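For reference, the structure is listed below as structure tokens.
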Amino acid sequence: MDDNNEITLLFLSGAGGTRSKWRRVKEMMNGPRCVFMDLPAHGSNDAPMMHTIKDHANYLKPLITDKTIVIGHSMGGLIGIELAANHPKVVGLVLAASHYVLPVDSTLFDKLESGVYPNGLFYASYSKEADKALLEEERSELSIVPLETTIIDYRCCNDYGNGKECLSHIQKPILAIYGQDDRMLPSKASEELKRLAPHAVTEVIPQAGHYVMLERSEHFVNALLQFVQHISERR
């Protein structure tokens, strides 16, 4: 990412995901310059595995050399919070189905470490309205990232404790996009966000679960582009 006056949109995936999670968004993004990033040891990125959210942020910091809006899904949102709080080139943050804390139940680790991705976790990640074709695509996506990598990602989420402090100090524009049927986030995520960052804008998309950008891509992109335009007009 070379330094110039154009804003770059940097898309970061969540735990166990790759840049493919943004595939439907990518098809609709014809205007702004976009970078769809595979995190280290995910997808096409052969860099060593990162074991903390801060490690992920530190890996990305030198790659951000121009004005950038970070769009982070779930775990990617935690990384985005770190970057927005500590990188002068990050001019905006989009939390896509994310929050400043993402606790993971210990029983989930037990199931994952047995070598099986739980069906309950898979289906809980999507709205009950999700179309069957998308669910079939997503089922095949599970094999792209090794289960061991997904477990480390969940531990990164569970162990991250710096989000509340970071978020409370971010004065840059923030947009939080939620799926109305998201069963993965804390139930009071939106209210907690607004208490810490009163300037944050929230958008709740109906008939969408945790993978809101896949289930309701057009609504997601419209909200995102309005946010980008707002930041561009401020400059």
Side-chain angles (χ1 to χ4, degrees), residues 1-14 17-40 42-45 47 56-99 134 137 141 166-167 170-179 182 193 197 199-206 208 210-235:
M1 290 182 277
D2 298 321
D3 194 11
N4 59 38
N5 290 322
E6 185 181 1
I7 292 179
T8 294
L9 308 187
L10 174 61
F11 293 82
L12 304 177
S13 60
T18 68
R19 60 187 176 184
S20 177
K21 296 297 184 186
W22 299 105
R23 59 191 181 275
R24 294 190 175 184
V25 170
K26 184 177 182 180
E27 292 172 357
M28 301 179 187
M29 299 297 291
N30 298 319
R33 182 173 61 178
C34 299
V35 175
F36 296 89
M37 175 71 71
D38 275 335
L39 295 171
H42 294 68
S44 62
N45 191 334
H56 277 291
N58 288 335
Y59 169 84
L60 290 168
K61 281 178 182 177
L63 304 180
I64 300 173
T65 57
D66 57 348
K67 293 180 177 65
T68 298
I69 297 172
V70 178
I71 303 99
H73 175 251
S74 199
M75 183 183 81
L78 298 182
I79 300 168
I81 289 171
E82 277 287 324
L83 291 170
N86 297 293
H87 200 303
K89 292 289 187 178
V90 175
V91 297
L93 171 65
V94 178
L95 298 174
S98 190
H99 195 42
L134 172 62
E137 288 177 13
E141 288 271 316
C166 281
L167 192 60
I170 296 173
Q171 297 303 313
K172 302 165 184 177
I174 299 172
L175 170 65
I177 304 178
Y178 303 102
D182 194 332
L193 171 68
H199 66 288
V201 176
T202 60
E203 178 86 12
V204 179
I205 298 181
H210 195 57
Y211 285 96
V212 57
M213 70 285 198
L214 281 168
E215 293 187 65
R216 293 291 178 262
S217 307
E218 185 173 354
H219 194 153
F220 183 95
V221 168
N222 287 341
L224 173 59
L225 291 178
Q226 287 178 23
F227 181 70
V228 173
Q229 182 178 1
H230 167 71
I231 292 178
S232 298
E233 289 173 350
R234 291 181 51 182
R235 295 169 59 213

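A quick note: this is a predicted structure, and the numbers were derived from the prediction, not measured.
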Report the C-alpha distance between Glu203 and His219 in whole Å, list the side-chain angles of each, state the deciding distance to 0.1 Å, and finish with yes or no for side chain to side chain contact (heavy atoms under 4.5 Å, CB included).
CA-CA 10 Å; Glu203 178 86 12; His219 194 153; 2.9 Å; yes
Kindly give the heavy-atom pair with the smallest separation between Pro173 and His199, and that separation in Å.
CA-CD2, 4.4 Å
Walk me through it: do Leu225 and Met28 pass the test side chain to side chain contact (heavy atoms under 4.5 Å, CB included)?
CA-CA 10 Å; Leu225 291 178; Met28 301 179 187; over 6 Å; no
Show the nearest heavy-atom pair for residues Ile71 and Trp22, with the distance to one decimal.
CG2-CH2, 3.7 Å
Set out, in order, the CA-CA distance, both residues' side-chain angles and the distance that settles side chain to side chain contact (heavy atoms under 4.5 Å, CB included) for Met37 and Leu10, then state yes or no.
CA-CA 7 Å; Met37 175 71 71; Leu10 174 61; 3.9 Å; yes
Expected output: side-chain Lys172 to main-chain Val90 donor-acceptor under 3.5 Å:
yes
Report yes if some heavy atom in the side chain of Leu83 is under 4.5 Å from a heavy atom in the side chain of Thr68; otherwise report no.
no
In short, His99 meets Leu193 closest at the heavy-atom pair CE1-N, 4.1 Å
Begin with the C-alpha distance, continue with both residues' side-chain angles, and end with the deciding distance and a verdict on side chain to side chain contact (heavy atoms under 4.5 Å, CB included) for Val212 and Asp182.
CA-CA 8 Å; Val212 57; Asp182 194 332; over 6 Å; no
Atom NZ of residue position Lys61 - does it have more than 12 heavy atoms of other residues, nucleotides or ligands inside 6.0 Å?
yes
How long is the span from the CD1 atom in Ile174 to the CD1 atom in Ile81, to the nearest 0.5 Å?
7.5 Å
Just verifying a value: how many Å separate Ile177 CD1 and Ser98 OG, rounded to the nearest 0.5 Å?
11.5 Å
Are any non-hydrogen side-chain atoms of Arg23 and Leu214 less than 4.5 angstrom apart?
yes
N/O donor-acceptor pair under 3.5 Å between His42 side chain and Pro40 backbone:
yes
Can you check whether Ser74 reaches His210 side chain to side chain, under 4.5 Å on heavy atoms?
yes
Quick one, Met213 and His73 - any side-chain contact, counting heavy atoms below 4.5 Å?
yes
Could you tell me if the side chain of His56 sits less than 4.5 Å from the side chain of Glu82, heavy atoms only?
no
Out of curiosity, Glu218 CD to Arg216 CZ, how far, rounded to the nearest 0.5 Å?
10.5 Å
Quick check: do Tyr211 and Leu134 have side-chain heavy atoms less than 4.5 Å from each other?
no
For a quick test of reading the model, state the closest non-hydrogen atom pair linking Asn86 to Cys166 and the distance between them.
ND2-SG, 4.3 Å
Say you draw a straight line from OG1 of Thr8 to NZ of Lys89; how long is it, rounded to the nearest 0.5 Å?
10.5 Å
Tell me whether the count of non-hydrogen atoms from other residues, nucleotides or ligands lying under 6.0 Å of CD in Glu137 goes above 12.
yes
Does any N or O in the side chain of Arg19 come within less than 3.5 Å of the main-chain N or O of Asp38, such that one atom is a donor and the other an acceptor?
no
Exercise: identify the closest heavy-atom pair between Glu6 and Pro32
OE2-C, 4.4 Å
Hey, what do you get for CG (Leu39) to CE (Met75), rounding to the nearest 0.5 Å?
5.0 Å
To the nearest 0.5 Å, how far apart are CD1 in Ile79 and CG in Leu93?
11.5 Å
Phe36 and Phe11 aromatic ring geometry - parallel, tilted or perpendicular at 30°/60° bounds:
parallel
Okay, side chain of Thr18, backbone of Ser20: is any donor-acceptor separation there less than 3.5 Å?
yes
At their closest point, which heavy atom of Leu175 faces which heavy atom of Ala223, and how far apart are they?
CD2-O, 3.7 Å
